[in-house]
Amino acid sequence: MWELPKTIEKVLAMRIPIIGVIPLWDDKRDSLWMLPGYMDGIICAGGLPVMLPLSSDEAVIEQICQTVDGLLFTGGHDVSPGLYNEETSAVCGTVCKERDSMETMLFSTFVSSMNKPVLGICRGIQLINSLLGGTLYQDLPSQFSGRILIDHRQAPPYDAPSHSVIINRGSPLHSLIKSDRIEVNSSHHQAICELSPELECMAIAEDGLIEAVYMLDRRFVWAVQWHPELILYDENSHMLFDAFVSACL
Ligand code: MN
């Protein structure tokens, strides 16, 4: 009798979470693009990353939500201030209306209705806070002055840590990383101003800026302001992707 080769049997028996990755948008080329680190971080954690189309079509959004086990809200453009009911100030950066619209729809179905897992990175933390009733600094340099001066838009290389974050004891991030302080990279123009009442802070920078949050009463909705996908040589980055992908099983 014909039998499946052992390796294929193994693959079929394994449950591999499919992670939908929000595409990045290149304004100059009018094109989707992707950073390999988002894909590699998920693959290393045992998931299968799939870059999504940029679409706000209701049927497409529904299909995505039914098909994927987790969603990665990637970095990118500034969030439209309309999402948190503010006028766009002159210091706000370029926005991407298509992403704002798609991610708003995805979040509503995938998280609010279906309670499926999400990891937010950079723009991701800002977007999630905005969708849950929080607000953002539209431009950190002109609107935020912290306890100490930190440049949250570090000069290259972007894979080098540039400031530390203090992790709240008792937070799930602290249980995961088992450290009070880690070094992170920083490449963001905006950040959380007023924290959503549905989010809990997990880490702050030394100037007081919120750098990691999670959503209460959800399976797994975590978000960080730094870029773990650019520092995959760091064990902390892998732990973050591992926690996310495991939650999608
Ligand atoms: Mn930062």
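Computation of the quantities below employed the complete heavy-atom set of this structure, encompassing side-chain atoms and omitting hydrogens, waters and symmetry-equivalent molecules. When a ligand or atom number is given, it counts from 1 through the structure's own listing order.
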Margin query: ring pair (Phe, Tyr, Trp, His ring centres under 6.0 Å), that's the test. Do H163 and H152 meet it? Break it down for me.
Written below: CA-CA 8 Å; H163 69 71; H152 287 276; 4.8 Å; yes
Next item on the list: Report yes or no: does S187 have an N/O/S atom closer than 2.8 Å to the Mn ion (ligand 1)?
Entry: no
Check: Under 3.5 Å, is there a donor-acceptor pair between the side chain of N129 and the main chain of S196?
Finding: yes
Check: Which angle, to the nearest 10 degrees, do you find at the Mn ion (ligand 1) between NE2 in H188 and NE2 in H163?
Finding: 170°
Next item on the list: Would you please say whether a donor-acceptor pair under 3.5 Å links the side chains of T135 and E86?
Entry: no
Notebook entry, point to check: Hey, mind stepping through R123 and E103 against salt bridge (Lys or Arg N to Asp or Glu O under 4.0 Å) and telling me if it holds?
Noted result: CA-CA 11 Å; R123 168 187 160 88; E103 288 167 295; 2.6 Å; yes
Next item on the list: Kindly give the atom name of the N, O or S atom of H152 closest to the Mn ion (ligand 1).
Entry: ND1
Notebook entry, point to check: What atom name does the N, O or S atom of E211 nearest to the Mn ion (ligand 1) carry?
Noted result: OE2
